[in-house]
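As C-alpha coordinates, the structure follows; a few thoughts come after it.
Letters go in sequence order (proteins before strands), and every chain restarts at 1. Since the structure is predicted, the reported quantities are computational estimates derived from the model, not experimental observations. Scope of the values below: all heavy atoms of this structure, side chains included, with no hydrogens, waters or symmetry mates.
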Protein chains: 2
Amino acid sequence: MSTDLLNDESCGLRERKKRETRRALNLAALDLVEERGFAAVTTEEIAARAGVSARTFFNYFPSKEAAVIGTTAEELEAYAAALEEDVEGESPLESLRRILAGMLAPASIDRELRARRRRILLGEPSLAPALVGNNIRIENALTGALERRLGVEPGASLEARLTVAVAIAAVRACIEHQQNGGSGRLERNIDQAFDRIAAGLR
Amino acid sequence: MSTDLLNDESCGLRERKKRETRRALNLAALDLVEERGFAAVTTEEIAARAGVSARTFFNYFPSKEAAVIGTTAEELEAYAAALEEDVEGESPLESLRRILAGMLAPASIDRELRARRRRILLGEPSLAPALVGNNIRIENALTGALERRLGVEPGASLEARLTVAVAIAAVRACIEHQQNGGSGRLERNIDQAFDRIAAGLR
DNA sequence: CGCCGAAAATGCAGTCACTGCAAAATTGCA
DNA sequence: TGCAATTTTGCAGTGACTGCATTTTCGGCG
(Lines give C-alpha, C1' and ligand atoms only; values in the text may rest on other atoms or scores of the structure.)
Protein backbone atom coordinates (compact mmCIF):
# COMPACT_ATOMS: atom_id res chain seq x y z
CA MET A 1 0.00 0.00 0.00
CA SER A 2 2.08 2.86 -1.20
CA THR A 3 -0.90 4.94 -2.19
CA ASP A 4 -2.69 6.79 0.56
CA LEU A 5 -2.37 10.48 -0.05
CA LEU A 6 -3.82 10.42 -3.51
CA ASN A 7 -7.21 11.76 -2.51
CA ASP A 8 -8.76 13.53 0.36
CA GLU A 9 -10.60 10.69 2.00
CA SER A 10 -11.57 7.88 -0.33
CA CYS A 11 -8.45 6.23 -1.63
CA GLY A 12 -10.24 3.58 -3.62
CA LEU A 13 -11.50 4.33 -7.07
CA ARG A 14 -14.55 2.36 -6.15
CA GLU A 15 -15.54 4.74 -3.38
CA ARG A 16 -14.84 7.78 -5.49
CA LYS A 17 -17.00 6.49 -8.30
CA LYS A 18 -19.87 5.81 -5.92
CA ARG A 19 -19.64 9.33 -4.69
CA GLU A 20 -19.63 10.65 -8.23
CA THR A 21 -22.66 8.57 -9.14
CA ARG A 22 -24.52 9.77 -6.10
CA ARG A 23 -23.73 13.34 -6.93
CA ALA A 24 -24.64 12.84 -10.58
CA LEU A 25 -28.02 11.44 -9.57
CA ASN A 26 -28.65 14.35 -7.23
CA LEU A 27 -27.70 16.91 -9.85
CA ALA A 28 -29.77 15.18 -12.51
CA ALA A 29 -32.74 15.17 -10.16
CA LEU A 30 -32.32 18.88 -9.44
CA ASP A 31 -32.01 19.66 -13.14
CA LEU A 32 -35.14 17.78 -14.08
CA VAL A 33 -37.20 19.08 -11.19
CA GLU A 34 -36.19 22.60 -12.09
CA GLU A 35 -37.21 22.03 -15.69
CA ARG A 36 -40.52 20.26 -15.23
CA GLY A 37 -41.46 20.17 -11.56
CA PHE A 38 -41.19 17.27 -9.15
CA ALA A 39 -44.36 15.45 -10.15
CA ALA A 40 -43.50 15.40 -13.84
CA VAL A 41 -40.13 13.72 -13.34
CA THR A 42 -39.67 9.96 -13.15
CA THR A 43 -36.91 8.06 -11.43
CA GLU A 44 -36.09 6.45 -14.76
CA GLU A 45 -35.39 9.83 -16.29
CA ILE A 46 -33.17 10.81 -13.39
CA ALA A 47 -31.24 7.57 -13.73
CA ALA A 48 -30.93 8.00 -17.48
CA ARG A 49 -29.56 11.52 -17.20
CA ALA A 50 -27.08 10.36 -14.59
CA GLY A 51 -26.00 7.54 -16.88
CA VAL A 52 -27.05 4.60 -14.74
CA SER A 53 -29.81 2.04 -14.95
CA ALA A 54 -33.21 2.54 -13.41
CA ARG A 55 -32.51 -0.16 -10.86
CA THR A 56 -29.25 1.39 -9.76
CA PHE A 57 -31.08 4.57 -8.82
CA PHE A 58 -32.54 2.74 -5.84
CA ASN A 59 -29.15 1.49 -4.77
CA TYR A 60 -28.31 5.11 -4.00
CA PHE A 61 -31.53 6.67 -2.83
CA PRO A 62 -34.52 5.05 -1.15
CA SER A 63 -37.01 7.36 -2.84
CA LYS A 64 -37.38 9.99 -5.51
CA GLU A 65 -37.67 12.65 -2.83
CA ALA A 66 -34.42 11.61 -1.21
CA ALA A 67 -32.62 11.92 -4.53
CA VAL A 68 -33.79 15.50 -4.96
CA ILE A 69 -33.01 16.48 -1.39
CA GLY A 70 -29.72 14.62 -1.52
CA THR A 71 -28.52 15.11 2.04
CA THR A 72 -25.52 12.84 2.52
CA ALA A 73 -24.39 11.10 5.66
CA GLU A 74 -21.13 13.01 5.38
CA GLU A 75 -22.89 16.34 5.54
CA LEU A 76 -24.74 15.22 8.65
CA GLU A 77 -21.50 14.12 10.27
CA ALA A 78 -19.87 17.41 9.39
CA TYR A 79 -22.63 19.43 11.00
CA ALA A 80 -22.64 17.16 14.00
CA ALA A 81 -18.91 17.54 14.39
CA ALA A 82 -19.23 21.30 14.18
CA LEU A 83 -21.81 21.30 16.94
CA GLU A 84 -19.86 18.92 19.13
CA GLU A 85 -16.93 21.27 19.15
CA ASP A 86 -17.12 23.56 22.14
CA VAL A 87 -16.42 27.06 20.93
CA GLU A 88 -15.22 29.53 23.48
CA GLY A 89 -18.02 31.66 24.86
CA GLU A 90 -20.71 30.20 22.62
CA SER A 91 -23.83 28.62 24.08
CA PRO A 92 -25.38 25.55 22.41
CA LEU A 93 -28.14 27.69 20.97
CA GLU A 94 -25.63 30.13 19.53
CA SER A 95 -23.69 27.31 17.94
CA LEU A 96 -26.89 25.98 16.44
CA ARG A 97 -27.74 29.39 15.05
CA ARG A 98 -24.37 29.60 13.38
CA ILE A 99 -24.43 26.07 12.00
CA LEU A 100 -28.03 26.04 10.78
CA ALA A 101 -27.66 29.45 9.19
CA GLY A 102 -24.53 28.09 7.51
CA MET A 103 -26.54 25.22 6.07
CA LEU A 104 -28.78 27.69 4.30
CA ALA A 105 -26.28 30.30 3.28
CA PRO A 106 -24.46 29.76 0.00
CA ALA A 107 -20.96 29.12 1.25
CA SER A 108 -17.56 29.63 -0.28
CA ILE A 109 -17.09 26.64 -2.52
CA ASP A 110 -20.52 25.25 -3.36
CA ARG A 111 -21.90 28.74 -3.64
CA GLU A 112 -24.07 28.40 -6.70
CA LEU A 113 -25.01 24.78 -6.02
CA ARG A 114 -26.30 25.61 -2.57
CA ALA A 115 -28.32 28.52 -3.81
CA ARG A 116 -29.74 26.37 -6.59
CA ARG A 117 -30.64 23.60 -4.20
CA ARG A 118 -32.37 26.00 -1.89
CA ARG A 119 -34.30 27.65 -4.68
CA ILE A 120 -35.48 24.38 -6.19
CA LEU A 121 -36.35 22.62 -2.94
CA LEU A 122 -38.24 25.55 -1.47
CA GLY A 123 -39.97 26.20 -4.75
CA GLU A 124 -41.66 22.80 -4.66
CA PRO A 125 -44.46 22.75 -2.10
CA SER A 126 -45.03 19.06 -2.75
CA LEU A 127 -41.59 18.42 -1.28
CA ALA A 128 -42.42 20.06 2.05
CA PRO A 129 -43.39 16.84 3.86
CA ALA A 130 -40.25 15.11 2.63
CA LEU A 131 -38.16 18.07 3.74
CA VAL A 132 -39.49 18.06 7.28
CA GLY A 133 -39.10 14.30 7.28
CA ASN A 134 -35.48 14.82 6.37
CA ASN A 135 -35.17 17.17 9.31
CA ILE A 136 -35.60 14.17 11.59
CA ARG A 137 -32.24 12.88 10.41
CA ILE A 138 -30.63 16.24 11.03
CA GLU A 139 -32.21 16.53 14.44
CA ASN A 140 -31.01 13.11 15.50
CA ALA A 141 -27.47 13.75 14.34
CA LEU A 142 -27.29 17.15 16.04
CA THR A 143 -28.90 15.87 19.22
CA GLY A 144 -26.27 13.16 19.56
CA ALA A 145 -23.53 15.69 18.97
CA LEU A 146 -24.90 18.11 21.55
CA GLU A 147 -25.24 15.35 24.10
CA ARG A 148 -21.60 14.49 23.64
CA ARG A 149 -20.64 18.13 23.94
CA LEU A 150 -22.60 18.43 27.16
CA GLY A 151 -21.18 15.18 28.41
CA VAL A 152 -24.49 13.51 29.11
CA GLU A 153 -25.66 10.01 28.29
CA PRO A 154 -27.65 9.70 25.06
CA GLY A 155 -31.32 10.25 25.88
CA ALA A 156 -30.65 10.92 29.53
CA SER A 157 -31.84 14.50 29.62
CA LEU A 158 -34.40 16.32 27.57
CA GLU A 159 -32.24 19.39 27.21
CA ALA A 160 -30.17 18.48 24.18
CA ARG A 161 -33.06 17.27 22.05
CA LEU A 162 -35.26 20.16 23.06
CA THR A 163 -32.65 22.74 22.15
CA VAL A 164 -31.95 21.18 18.77
CA ALA A 165 -35.62 20.68 17.95
CA VAL A 166 -36.48 24.26 18.83
CA ALA A 167 -33.56 25.61 16.81
CA ILE A 168 -34.56 23.65 13.72
CA ALA A 169 -38.17 24.68 14.19
CA ALA A 170 -37.09 28.32 14.35
CA VAL A 171 -35.26 28.09 11.04
CA ARG A 172 -38.18 26.28 9.48
CA ALA A 173 -40.59 28.92 10.72
CA CYS A 174 -38.46 31.63 9.13
CA ILE A 175 -38.38 29.78 5.83
CA GLU A 176 -42.12 29.27 5.94
CA HIS A 177 -42.58 32.93 6.80
CA GLN A 178 -40.44 33.82 3.81
CA GLN A 179 -42.44 31.61 1.47
CA ASN A 180 -45.71 33.17 2.59
CA GLY A 181 -44.44 36.53 1.50
CA GLY A 182 -43.55 37.54 5.02
CA SER A 183 -41.57 40.63 5.79
CA GLY A 184 -37.82 40.86 6.25
CA ARG A 185 -34.85 39.01 4.84
CA LEU A 186 -34.27 35.40 5.80
CA GLU A 187 -30.94 35.85 7.58
CA ARG A 188 -32.21 38.78 9.57
CA ASN A 189 -35.36 36.92 10.57
CA ILE A 190 -33.35 33.93 11.72
CA ASP A 191 -31.26 36.20 13.91
CA GLN A 192 -34.39 37.74 15.37
CA ALA A 193 -35.94 34.34 15.94
CA PHE A 194 -32.93 33.06 17.87
CA ASP A 195 -32.80 36.25 19.89
CA ARG A 196 -36.40 35.77 20.90
CA ILE A 197 -35.85 32.17 21.83
CA ALA A 198 -32.87 33.10 23.94
CA ALA A 199 -34.90 35.80 25.65
CA GLY A 200 -37.83 33.48 26.29
CA LEU A 201 -41.11 33.20 24.44
CA ARG A 202 -44.45 34.20 25.77
CA MET B 1 -77.77 27.60 -2.48
CA SER B 2 -79.51 29.24 0.42
CA THR B 3 -78.12 26.84 2.94
CA ASP B 4 -78.02 27.97 6.51
CA LEU B 5 -78.47 24.89 8.60
CA LEU B 6 -76.96 22.49 6.14
CA ASN B 7 -73.47 23.84 6.25
CA ASP B 8 -73.37 23.20 9.95
CA GLU B 9 -72.81 19.65 10.96
CA SER B 10 -74.79 16.45 11.25
CA CYS B 11 -77.72 17.95 9.37
CA GLY B 12 -77.87 16.24 6.05
CA LEU B 13 -77.86 12.48 5.91
CA ARG B 14 -75.34 12.78 3.13
CA GLU B 15 -72.86 14.64 5.28
CA ARG B 16 -73.35 12.33 8.20
CA LYS B 17 -72.72 9.27 6.07
CA LYS B 18 -69.54 10.74 4.69
CA ARG B 19 -68.35 11.35 8.19
CA GLU B 20 -69.16 7.79 9.17
CA THR B 21 -67.32 6.41 6.19
CA ARG B 22 -64.30 8.55 6.96
CA ARG B 23 -64.29 7.36 10.52
CA ALA B 24 -64.79 3.74 9.48
CA LEU B 25 -61.81 3.97 7.16
CA ASN B 26 -59.66 5.49 9.87
CA LEU B 27 -60.64 2.85 12.40
CA ALA B 28 -60.11 0.06 9.90
CA ALA B 29 -56.68 1.43 9.13
CA LEU B 30 -55.79 1.59 12.82
CA ASP B 31 -57.02 -1.96 13.37
CA LEU B 32 -55.04 -3.41 10.52
CA VAL B 33 -51.87 -1.48 11.30
CA GLU B 34 -52.10 -2.64 14.88
CA GLU B 35 -52.49 -6.23 13.75
CA ARG B 36 -49.85 -6.42 11.06
CA GLY B 37 -47.83 -3.24 10.96
CA PHE B 38 -48.11 -0.38 8.49
CA ALA B 39 -46.08 -1.89 5.67
CA ALA B 40 -48.07 -5.12 5.63
CA VAL B 41 -51.42 -3.41 5.15
CA THR B 42 -52.83 -2.44 1.76
CA THR B 43 -55.30 0.28 0.98
CA GLU B 44 -57.57 -2.35 -0.52
CA GLU B 45 -57.75 -4.17 2.78
CA ILE B 46 -58.55 -0.99 4.64
CA ALA B 47 -61.31 -0.19 2.17
CA ALA B 48 -62.68 -3.73 2.38
CA ARG B 49 -62.83 -3.69 6.17
CA ALA B 50 -64.55 -0.31 6.07
CA GLY B 51 -67.08 -1.67 3.59
CA VAL B 52 -66.28 0.55 0.62
CA SER B 53 -64.57 0.00 -2.68
CA ALA B 54 -60.86 0.41 -3.19
CA ARG B 55 -61.43 3.46 -5.32
CA THR B 56 -63.58 5.18 -2.72
CA PHE B 57 -60.72 5.01 -0.24
CA PHE B 58 -58.95 7.69 -2.22
CA ASN B 59 -62.03 9.88 -2.23
CA TYR B 60 -61.52 10.24 1.50
CA PHE B 61 -57.79 10.15 2.04
CA PRO B 62 -54.99 11.16 -0.31
CA SER B 63 -52.65 8.47 0.95
CA LYS B 64 -52.43 5.39 3.10
CA GLU B 65 -50.56 7.37 5.73
CA ALA B 66 -53.26 10.00 5.91
CA ALA B 67 -55.88 7.33 6.53
CA VAL B 68 -53.96 5.97 9.49
CA ILE B 69 -53.24 9.39 10.94
CA GLY B 70 -56.76 10.51 10.24
CA THR B 71 -56.56 14.13 11.37
CA THR B 72 -59.75 15.80 10.21
CA ALA B 73 -60.26 19.37 9.15
CA GLU B 74 -62.78 19.72 11.97
CA GLU B 75 -60.19 18.80 14.57
CA LEU B 76 -57.85 21.40 13.15
CA GLU B 77 -60.57 24.02 13.25
CA ALA B 78 -61.40 23.12 16.83
CA TYR B 79 -57.83 23.52 17.98
CA ALA B 80 -57.49 26.73 16.02
CA ALA B 81 -60.65 28.09 17.61
CA ALA B 82 -59.36 27.17 21.05
CA LEU B 83 -56.13 29.05 20.41
CA GLU B 84 -57.86 32.06 18.94
CA GLU B 85 -59.85 32.53 22.10
CA ASP B 86 -58.06 34.92 24.41
CA VAL B 87 -58.11 33.39 27.87
CA GLU B 88 -57.67 35.72 30.78
CA GLY B 89 -54.09 35.86 31.97
CA GLU B 90 -52.79 33.24 29.58
CA SER B 91 -49.95 34.00 27.17
CA PRO B 92 -49.96 32.50 23.66
CA LEU B 93 -47.31 30.00 24.70
CA GLU B 94 -49.35 28.95 27.71
CA SER B 95 -52.42 28.46 25.55
CA LEU B 96 -50.39 26.36 23.17
CA ARG B 97 -49.10 24.24 26.02
CA ARG B 98 -52.62 23.58 27.19
CA ILE B 99 -54.01 22.84 23.72
CA LEU B 100 -51.16 20.67 22.46
CA ALA B 101 -51.05 18.70 25.70
CA GLY B 102 -54.79 18.22 25.29
CA MET B 103 -54.26 16.79 21.83
CA LEU B 104 -52.09 14.07 23.33
CA ALA B 105 -53.95 13.37 26.52
CA PRO B 106 -56.78 10.86 26.35
CA ALA B 107 -59.71 13.18 26.92
CA SER B 108 -63.13 12.63 28.38
CA ILE B 109 -65.12 11.22 25.49
CA ASP B 110 -62.70 9.62 23.07
CA ARG B 111 -60.59 8.37 25.89
CA GLU B 112 -59.70 4.91 24.65
CA LEU B 113 -59.63 5.88 20.99
CA ARG B 114 -57.11 8.64 21.62
CA ALA B 115 -54.88 6.38 23.64
CA ARG B 116 -55.09 3.73 20.94
CA ARG B 117 -54.27 6.20 18.22
CA ARG B 118 -51.30 7.47 20.12
CA ARG B 119 -49.99 4.02 20.84
CA ILE B 120 -50.32 2.81 17.27
CA LEU B 121 -48.98 5.93 15.56
CA LEU B 122 -45.98 6.28 17.84
CA GLY B 123 -45.28 2.58 17.67
CA GLU B 124 -44.70 2.78 13.92
CA PRO B 125 -41.34 4.40 13.16
CA SER B 126 -42.08 4.24 9.45
CA LEU B 127 -44.89 6.72 10.04
CA ALA B 128 -42.61 9.34 11.58
CA PRO B 129 -42.06 11.31 8.36
CA ALA B 130 -45.77 11.34 7.65
CA LEU B 131 -46.48 12.49 11.18
CA VAL B 132 -44.14 15.45 11.00
CA GLY B 133 -45.56 16.19 7.58
CA ASN B 134 -48.98 16.27 9.17
CA ASN B 135 -47.66 18.75 11.70
CA ILE B 136 -47.39 21.27 8.90
CA ARG B 137 -51.16 21.33 8.65
CA ILE B 138 -51.49 21.80 12.39
CA GLU B 139 -48.87 24.52 12.39
CA ASN B 140 -50.59 26.44 9.63
CA ALA B 141 -53.98 26.23 11.29
CA LEU B 142 -52.64 27.32 14.66
CA THR B 143 -50.53 30.08 13.16
CA GLY B 144 -53.56 31.60 11.49
CA ALA B 145 -55.51 31.41 14.71
CA LEU B 146 -52.76 33.05 16.74
CA GLU B 147 -52.41 35.82 14.19
CA ARG B 148 -56.10 36.56 14.51
CA ARG B 149 -55.82 36.51 18.28
CA LEU B 150 -52.92 38.94 18.17
CA GLY B 151 -54.74 41.08 15.65
CA VAL B 152 -52.00 41.07 13.03
CA GLU B 153 -52.21 40.55 9.30
CA PRO B 154 -51.53 36.97 8.14
CA GLY B 155 -47.81 36.60 7.56
CA ALA B 156 -47.05 40.13 8.63
CA SER B 157 -44.93 39.30 11.63
CA LEU B 158 -42.77 36.32 12.40
CA GLU B 159 -43.95 36.10 15.97
CA ALA B 160 -47.05 33.95 15.57
CA ARG B 161 -45.48 31.33 13.36
CA LEU B 162 -42.35 31.19 15.45
CA THR B 163 -44.26 30.65 18.66
CA VAL B 164 -46.42 27.91 17.17
CA ALA B 165 -43.52 26.17 15.47
CA VAL B 166 -41.44 26.18 18.64
CA ALA B 167 -44.34 24.87 20.72
CA ILE B 168 -44.98 21.99 18.33
CA ALA B 169 -41.28 21.24 18.19
CA ALA B 170 -41.18 21.10 21.98
CA VAL B 171 -43.96 18.53 22.13
CA ARG B 172 -42.33 16.52 19.37
CA ALA B 173 -39.02 16.58 21.19
CA CYS B 174 -40.69 15.23 24.32
CA ILE B 175 -42.34 12.44 22.38
CA GLU B 176 -39.07 11.57 20.70
CA HIS B 177 -37.35 11.64 24.08
CA GLN B 178 -40.00 9.29 25.41
CA GLN B 179 -39.56 6.86 22.52
CA ASN B 180 -35.81 6.74 23.03
CA GLY B 181 -36.39 5.53 26.54
CA GLY B 182 -35.74 8.93 28.02
CA SER B 183 -36.42 9.72 31.61
CA GLY B 184 -39.59 11.19 33.07
CA ARG B 185 -43.27 11.01 32.18
CA LEU B 186 -44.48 12.66 29.01
CA GLU B 187 -46.79 15.23 30.61
CA ARG B 188 -44.18 16.28 33.10
CA ASN B 189 -41.53 16.61 30.41
CA ILE B 190 -43.81 18.76 28.31
CA ASP B 191 -44.35 21.04 31.26
CA GLN B 192 -40.62 21.26 31.81
CA ALA B 193 -39.99 21.93 28.14
CA PHE B 194 -42.44 24.83 28.02
CA ASP B 195 -41.01 26.23 31.22
CA ARG B 196 -37.57 26.23 29.69
CA ILE B 197 -38.79 27.87 26.52
CA ALA B 198 -40.55 30.56 28.50
CA ALA B 199 -37.40 31.15 30.51
CA GLY B 200 -35.20 31.32 27.42
CA LEU B 201 -32.92 28.67 25.99
CA ARG B 202 -29.19 28.82 25.93
C1' DC C 1 -0.58 -9.80 -16.97
C1' DG C 2 -4.21 -12.83 -15.72
C1' DC C 3 -7.07 -14.82 -12.25
C1' DC C 4 -10.19 -14.65 -8.20
C1' DG C 5 -13.32 -13.04 -4.66
C1' DA C 6 -16.06 -9.03 -3.51
C1' DA C 7 -18.83 -5.38 -4.61
C1' DA C 8 -21.59 -2.96 -7.62
C1' DA C 9 -24.67 -2.55 -11.83
C1' DT C 10 -28.21 -4.42 -14.33
C1' DG C 11 -32.41 -6.83 -16.04
C1' DC C 12 -36.69 -8.81 -14.96
C1' DA C 13 -40.84 -9.69 -12.83
C1' DG C 14 -43.94 -8.42 -9.57
C1' DT C 15 -46.61 -5.63 -5.96
C1' DC C 16 -49.01 -1.77 -4.75
C1' DA C 17 -50.07 3.26 -4.16
C1' DC C 18 -52.45 6.46 -6.65
C1' DT C 19 -55.06 8.79 -10.76
C1' DG C 20 -58.44 9.95 -14.51
C1' DC C 21 -62.49 8.69 -16.60
C1' DA C 22 -67.01 7.21 -17.39
C1' DA C 23 -70.88 4.42 -15.92
C1' DA C 24 -73.92 3.26 -12.14
C1' DA C 25 -76.01 3.93 -7.69
C1' DT C 26 -77.62 7.10 -4.17
C1' DT C 27 -79.45 11.20 -2.23
C1' DG C 28 -81.78 15.80 -1.78
C1' DC C 29 -85.32 18.49 -3.43
C1' DA C 30 -89.18 20.23 -6.08
C1' DT D 1 -92.31 10.56 -8.26
C1' DG D 2 -88.84 12.36 -11.14
C1' DC D 3 -84.88 15.27 -11.89
C1' DA D 4 -80.30 16.99 -10.81
C1' DA D 5 -76.40 16.81 -8.04
C1' DT D 6 -73.37 14.07 -5.55
C1' DT D 7 -71.11 9.91 -4.47
C1' DT D 8 -69.61 5.26 -5.43
C1' DT D 9 -67.57 2.10 -8.18
C1' DG D 10 -65.06 -0.42 -11.90
C1' DC D 11 -61.49 -0.19 -15.17
C1' DA D 12 -57.32 0.75 -17.05
C1' DG D 13 -53.09 2.83 -16.63
C1' DT D 14 -48.70 5.00 -14.64
C1' DG D 15 -44.92 4.85 -11.91
C1' DA D 16 -42.48 4.11 -7.37
C1' DC D 17 -40.23 0.56 -5.16
C1' DT D 18 -38.51 -4.43 -4.07
C1' DG D 19 -36.39 -9.14 -4.39
C1' DC D 20 -33.77 -12.06 -7.01
C1' DA D 21 -30.62 -13.84 -10.27
C1' DT D 22 -27.11 -12.49 -13.56
C1' DT D 23 -23.52 -9.91 -15.33
C1' DT D 24 -20.02 -6.51 -15.07
C1' DT D 25 -16.42 -4.04 -12.66
C1' DC D 26 -12.92 -3.42 -9.23
C1' DG D 27 -9.05 -4.43 -6.17
C1' DG D 28 -5.61 -7.45 -4.78
C1' DC D 29 -2.21 -11.17 -5.51
C1' DG D 30 0.76 -14.44 -7.50
Side-chain angles (χ1 to χ4, degrees), chain A residues 1-4 6-7 9-26 28-29 32-33 36-70 124 126-127 129-130 133, chain B residues 1-26 28-29 32-33 36-70 124 126-127 129-130 133:
Chain A
M1 281 269 285
S2 55
T3 67
D4 309 69
L6 280 178
N7 300 320
E9 310 219 1
S10 65
C11 323
L13 175 142
R14 212 160 213 165
E15 205 61 30
R16 196 183 320 140
K17 202 154 194 191
K18 273 185 79 173
R19 222 175 274 195
E20 276 171 25
T21 302
R22 184 179 205 83
R23 185 180 176 80
L25 281 168
N26 178 230
L32 289 167
V33 169
R36 288 178 239 165
F38 181 76
V41 172
T42 70
T43 59
E44 289 191 10
E45 291 170 321
I46 299 173
R49 182 169 295 208
V52 297
S53 75
R55 187 64 185 81
T56 298
F57 175 93
F58 290 100
N59 288 340
Y60 284 88
F61 294 100
S63 69
K64 191 169 79 164
E65 289 86 347
V68 181
I69 296 176
E124 280 282 343
S126 59
L127 273 177
Chain B
M1 282 219 204
S2 60
T3 57
D4 24 71
L5 299 174
L6 267 181
N7 59 7
D8 251 2
E9 47 231 357
S10 71
C11 268
L13 175 140
R14 213 161 213 165
E15 206 60 30
R16 196 179 319 137
K17 203 157 193 190
K18 273 185 80 171
R19 224 174 274 195
E20 276 171 25
T21 302
R22 183 178 208 84
R23 185 181 176 81
L25 281 168
N26 178 229
L32 289 167
V33 168
R36 287 179 240 163
F38 182 77
V41 172
T42 70
T43 60
E44 289 190 11
E45 291 170 320
I46 299 173
R49 182 170 294 208
V52 296
S53 74
R55 187 64 185 81
T56 300
F57 175 94
F58 289 101
N59 288 341
Y60 284 87
F61 294 101
S63 69
K64 193 169 79 164
E65 289 86 349
V68 181
I69 297 176
E124 280 282 344
S126 60
L127 273 177

Interatomic distance, [X] [atom1] vs [N] [atom2] [rounded to whole Å]:
X        : N       : atom1 : atom2 : result
Ile46(B) : dC18(C) : CD1   : C1'   : 13 Å
Glu20(A) : dA8(C)  : CD    : P     : 15 Å
Arg55(A) : dG19(D) : CZ    : P     : 8 Å
Tyr60(A) : dT18(D) : OH    : C1'   : 18 Å
Phe38(A) : dC18(C) : CZ    : C1'   : 14 Å
Phe57(B) : dG10(D) : CZ    : C1'   : 18 Å
Glu15(B) : dA5(D)  : CD    : C1'   : 14 Å
Lys64(B) : dC17(D) : NZ    : P     : 13 Å

Does atom CZ of Arg23(A) have more than 12 heavy-atom neighbours from other groups under 6.0 Å away?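 It does not: Arg23(A) CZ has 12 such atoms or fewer within range.
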If you round to the nearest 0.5 Å, how far is [atom2] of [Y] from [atom1] of [X]?
X         : Y        : atom1 : atom2 : answer
Glu44(B)  : Phe57(B) : CD    : CZ    : 11.0 Å
Asn26(A)  : Phe61(A) : CG    : CZ    : 5.5 Å
Glu124(A) : Ile69(A) : CD    : CD1   : 11.0 Å
Phe38(A)  : Glu65(A) : CZ    : CD    : 4.0 Å

State whether [X] places a side-chain N or O below 4.0 Å from either non-bridging phosphate oxygen (OP1 or OP2) of [N].
X        : N       : result
Lys17(A) : dC26(D) : yes
Lys18(A) : dA8(C)  : yes
Ser53(A) : dT10(C) : yes
Thr42(A) : dG15(D) : no

Ignoring the backbone of Glu65(B), work out which of dC26(D), dA9(C), dC18(C) is nearest its side chain.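 Side chain of Glu65(B) sits closest to dC18(C).
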Just compare dT8(D), dC18(C), dT10(C) and give me whichever is closest to any side-chain atom of Phe58(B).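 Ranking dT8(D), dC18(C), dT10(C) by closest atom to the Phe58(B) side chain puts dC18(C) first.
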